[in-house]
Peer 1: 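First the structure, then my questions, so here it is.
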Amino acid sequence: MDKLILIDGNSIIYRAFFAMPPLTNSSGLHTNAVYGFTNMLLRLIQEEKPTHILVAFDAGKVTFRHEGYQEYKGGRDKTPPELSEQFPLMRELLESFGISWFELAGYEADDIIGTLSKQGEDSGREVLVVTGDKDMLQVVSDKVTVALTRKGISEVEPYGPKEIEEKYGLSPLQIIDLKGLMGDASDNIPGVPGIGEKTALKLLHQFGSVEEVLARTDELKGKMKENLVNHSDDAVMSKRLATIFREVPVERSWEDMTFNGIQGDTAAPMLRKLEFKSLIERLSLISGDGNNENDGSNEKDQAAAASEVEVTVVDSESVSELNELLPTIESMYLESYGENPHHANIMGLILSTGERHFYLSDQFLLDKSQAEAVIKWLGDGNYPKRGYDLHRTDLVLHWHGIPFAGASHDIELAAYLLDPTNNDQTVSALAEKYGLAHVASDDDVYGKGAKFKVPDTGTLSKHLAHKIEAITKIIPLQQGDLKKNEMNALFFDLEMPLSRILADMEKQGVSVDRESLVELGKEFEVQINKLVSQIYDIAGQEFNLNSPKQLGEILFDKLGMPVVKKTKTGYSTDAEVLEKLAPYNPIVQYILEYRQLAKLQSTYVEGLLKEIRPETGKVHTYFRQTVAATGRLSSQFPNLQNIPIRLEEGRKIRKVFVPSEEGWFMLAADYSQIELRVLADISGDKGLQEAFLHDMDIHTKTAMKVFGVSAEDVDSNMRRSAKAVNFGIVYGISDYGLSQNLNITRKEAAKFIDQYFEAFQGVREYMDSIVKEARRDGYVKTLLERRRYLPEINASNFNLRSFAERTAMNTPIQGTAADIIKLAMVLMDKALYDHQLKSRMLLQVHDELVFEVPPEELELMTKLVPETMEKALSLSVPLKSEVSSGVNWYETK
DNA sequence: GGTGTCACG
DNA sequence: ACGTACGTGACACCA
């Protein structure tokens, strides 16, 4: 069966250009749009396996649509030169791939595609049109599918007649009527004023076509009718402009469009010229060895091989075969249940030599006599382990009594470093990203929620085999990417070693004094009950205090208090609002106190109690190393990075975190002002550096410089303002944000900021240059080359762009601070080992490390920890760490 | 599952 | 003119 793919070259290349970060090859040629296009093309070829392909382009500026309507496509921004220079490259690349393309003066790519899709359809062939232009939906039929790009060009959404009906309730041809009524700003097609998509759809559902709407305007009323009557000509013309012309004299025969697979001998040199290294690797996967064996059968073989992957289900007979191959295992993957690795059962394990895959069921793996050699291999650090989420693997195996060692390449962790904001880092998504054979998503194979079900061994082992094939292929590709981004040290010397250290901390856990916690809960309970009855009393009724909706009704409807702020669903009742309402009625203060205690009770008493392991009396958090966009860690099940400290009531919770051994101490050390010290270093601001070189109180020093007074004249208010400004600077300051924080006007906030930048000019220069850098590169970096891409830095939407700019300012600061404490953790782990200490590292809280320490090591640790933290990284200003210890976490202050 | 709220750095 | 401080996770509602 023939299958033709028609691609709207202009549409795709435009979208690729704006979706991709700027990219140039070593001779300065811009290549990002071509790269995006090629990436998409390779994926299409792999997934759709077309027999024919043609790429259509617009030719020249003037088309037949300009006859009678000069303004067509008027008001468009000029094509940026960075994009223009990529069109010739595009054509050259297509020719090198053996793919035909076509353009014709006076016609748009749309019309060429419309014509060829009609010809294909008429001769009974299957056609797939790829474009970003919704207008194209009008050519959809049983034979013609239109794939629209989404999210830039990284995804396409196929539309057949059914999908159009579901989404719009229209037939494909009615798409033209839709455009006629609503117009299209990007093509400067006017449509009818006041009619947008919603109204247009309503009209079409009622009348069916533009002509019918115009003929029956007497059935309508109001402004809409008026507009339709007054602009009926516009509607008719707009419909005509939106109609794709399907009789273009196309000089391409069916044979001309034949696609015989990518011609490796010409395509590879072209990709090399463009310096698309990762695409060259993909090319070899698609076109075999890159020679001329690219007939259809080869591709079919590959597809078949992918679905019929061979996997050995290990049993008492085949285990000896695996045992012999253990030293040659390339990669591994452990599948387990649920989110919390400390409570996860094993579903299965797959090991791969690259050629052969071995699946072990949980029963087999947990049978220590049968799986003896495999278990030994897992725990032997001399055998490197490459795989996916080895941190989780380590924990899951640990709780099943199986030691794990030797993690050397974790593709999830590497994927995180290569793009920390990409939140879909599943094997399936990574396989797609690297253009590998499709790997089904876990949800598709296992089902989710109530439908979750482990499939039979055959299905499961094959799914895992597909995963391990992808993992094995991704490893070398990532190694190339990491090297290119100069992230080898970050990955191999910092993050990979850290993942083992985190696993050790998590296995160790923190002891919780359950009885004290229960007692504390009882105290809270008494106070909460008292507050609740006082609140109901004043309200004159009982209601659900935990429901912001019901609370809002009581405060604003029943008690008639002024509405300070609204949320998208109703009245806002957050603490900021309640503070403002406090003078009106004593109920407000009670509610604030209730909120505080209810939070402590539900999250920190009840929540924490649920997480204590009864056997050990410990909580075992799970530090996540691949979620925070800045490079920080996060903590789950329970979150031990947000235990209360600011208010005394809550701070008492810290008393229940105790050493796990009799007579030991808790010891905590935190970096003092690490983010501002990092800022002093990377901005090079002399004043800021000097302040830290003399170890001054930074907020007082800031107040002195900003307000132009001497140290003695800084009052508490000035210091408070300066502190807020310092925070603002770290977050990527805006006058609005600062005004909110300090409860002052925006003007006053703007003045503070201005004075700050006058006083610290180096900081101003840094903020300007980092935003410029982000615009130029599409990403920002930390001192250790950790990256964060900021695709929205060039957005036309003010909000998106502003957000990206603040992120550009904040991420190098927060991220470098994260780098530093991670370095300190690796050093501390080594120091504990080198000194053969019994002390254990338990927690990291962004700028703080918490240990439990036997009494005989307390003196040593009190020196060793801050010293180690301070020498983690050498900056132009000193790092400072403050240490303290006590019988529980509360006392380390 | 989304929203509001609030705990931390 | 635009409308937000940066980064997380947990809990309770409510549709």
Side-chain angles (χ1 to χ4, degrees), chain A residues 339 420-421 448-449 543-552 565-578 591-592 594-608 610-611 621-624 627-647 649-651 653-654 670-675 679 724-742 746 749 753 780 788 795-815 817-818 821 843-849:
Chain A
E339 281 201 86
T421 50
K448 59 175 180 175
F543 62 99
N544 188 344
L545 247 177
N546 291 324
S547 161
K549 185 161 169 263
Q550 294 184 34
L551 178 61
K565 191 168 72 172
K566 298 200 103 180
T567 67
K568 57 178 110 167
T569 52
Y571 305 122
S572 171
T573 67
D574 64 20
E576 193 194 321
V577 168
L578 295 180
I591 293 167
L592 281 165
Y594 168 82
R595 281 259 177 91
Q596 193 199 328
L597 289 164
K599 175 86 176 182
L600 295 175
Q601 188 74 301
S602 67
T603 305
Y604 298 103
V605 177
E606 290 162 4
L608 207 53
K610 281 186 213 146
E611 295 289 346
T621 192
Y622 176 39
F623 286 110
R624 302 220 33 200
V627 286
T630 53
R632 277 189 174 185
L633 299 176
S634 81
S635 158
Q636 281 182 320
F637 318 131
N639 182 352
L640 294 182
Q641 291 183 319
N642 71 347
I643 302 303
I645 190 167
R646 293 172 189 170
L647 301 172
E649 274 306 291
R651 194 172 193 158
I653 299 281
R654 295 191 170 221
D670 66 311
Y671 279 114
S672 159
Q673 303 296 352
I674 188 166
E675 292 188 335
L679 175 62
V725 174
N726 277 330
F727 268 94
I729 292 293
V730 169
Y731 293 157
I733 200 152
S734 73
D735 51 10
Y736 184 85
L738 182 65
S739 74
Q740 289 294 299
N741 191 287
L742 279 177
R746 237 169 85 167
I753 294 168
V780 291
R788 178 172 181 180
S796 54
N797 179 309
F798 176 88
N799 277 330
L800 293 179
R801 191 176 63 246
S802 302
F803 191 27
E805 286 168 359
R806 291 196 298 274
T807 310
M809 298 184 235
N810 171 263
T811 294
I813 301 173
Q814 192 182 119
I821 194 161
L843 297 174
Q844 186 251 49
V845 193
H846 310 308
D847 66 353
E848 174 186 15
L849 294 176

Peer 1: Check whether any side-chain nitrogen or oxygen of A:R632 sits under 4.0 Å from OP1 or OP2 of B:dG9, and answer yes or no.
Peer 2: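 So the side-chain polar atoms of A:R632 never come under 4.0 Å of the phosphate oxygens OP1 or OP2 of B:dG9.
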Peer 1: Quick one: is C:dG7 close enough that its OP1 or OP2 comes under 4.0 Å of any side-chain N or O from A:R788?
Peer 2: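 Affirmative; the distance criterion is met.
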Peer 1: Please confirm whether the shortest side-chain N or O distance from A:N544 to OP1 or OP2 of C:dC13 is below 4.0 Å.
Peer 2: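 Yes, because at least one side-chain N or O of A:N544 sits under 4.0 Å from OP1 or OP2 of C:dC13.
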Peer 1: Under a 3.5 Å cut-off for both contacts, is B:dG4 paired Watson-Crick or G-U wobble with anything, and if yes, with which nucleotide?
Peer 2: C:dC11
Peer 1: Check whether any side-chain N or O of A:Q550 sits under 4.0 Å from OP1 or OP2 of C:dC14, and answer yes or no.
Peer 2: yes
Peer 1: Measuring to OP1 and OP2 of B:dG4, would you say a side-chain N or O of A:T569 lies under 4.0 angstrom away?
Peer 2: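 Yes.
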Peer 1: Kindly say if A:T630 contacts the phosphate of C:dC6, meaning a side-chain N or O under 4.0 Å from OP1 or OP2.
Peer 2: no
Peer 1: By the 4.0 Å heavy-atom rule, please label A:N799 as base, sugar-phosphate, or nothing.
Peer 2: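 It contacts sugar-phosphate atoms only.
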Peer 1: Has A:S634 got a side-chain N or O lying under 4.0 Å from the OP1 or OP2 atom of C:dG7?
Peer 2: no
Peer 1: Check whether the side chain of A:Q641 and the base of B:dC8 form a donor-acceptor pair under 3.5 Å.
Peer 2: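 It does not, because no donor-acceptor pair links the side chain of A:Q641 to the base of B:dC8 below 3.5 Å.
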Peer 1: Between A:R746 and C:dG3, does any side-chain N or O lie under 4.0 Å from OP1 or OP2?
Peer 2: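 It does not, given that no N or O in the side chain of A:R746 lies less than 4.0 Å from OP1 or OP2 of C:dG3.
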Peer 1: Do any side-chain nitrogens or oxygens of A:R806 fall under 4.0 Å of OP1 or OP2 in C:dT4?
Peer 2: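 Looking at the OP1 and OP2 atoms of C:dT4, neither is under 4.0 Å from any side-chain N or O of A:R806.
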Peer 1: Is any side-chain nitrogen or oxygen of A:T603 closer than 4.0 Å to OP1 or OP2 of B:dA7?
Peer 2: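 Checking A:T603 against B:dA7: no side-chain N or O falls below 4.0 Å of OP1 or OP2.
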Peer 1: Within the pair A:S734 and C:dT4, is there a side-chain N or O less than 4.0 Å away from OP1 or OP2?
Peer 2: no
Peer 1: When you measure only distances, ignoring hydrogens and angles, does the side chain of A:K549 come within 3.5 Å of the base of C:dC13 through a donor and an acceptor?
Peer 2: no
Peer 1: Is A:S572 near enough to B:dT5 that one of its side-chain N or O atoms lies under 4.0 angstrom from OP1 or OP2?
Peer 2: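 For B:dT5, OP1/OP2 do have a side-chain N/O of A:S572 under 4.0 Å.
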Peer 1: Does the side chain of A:Q814 come under 3.5 Å of the side chain of A:T630 through a donor N or O and an acceptor N or O?
Peer 2: yes
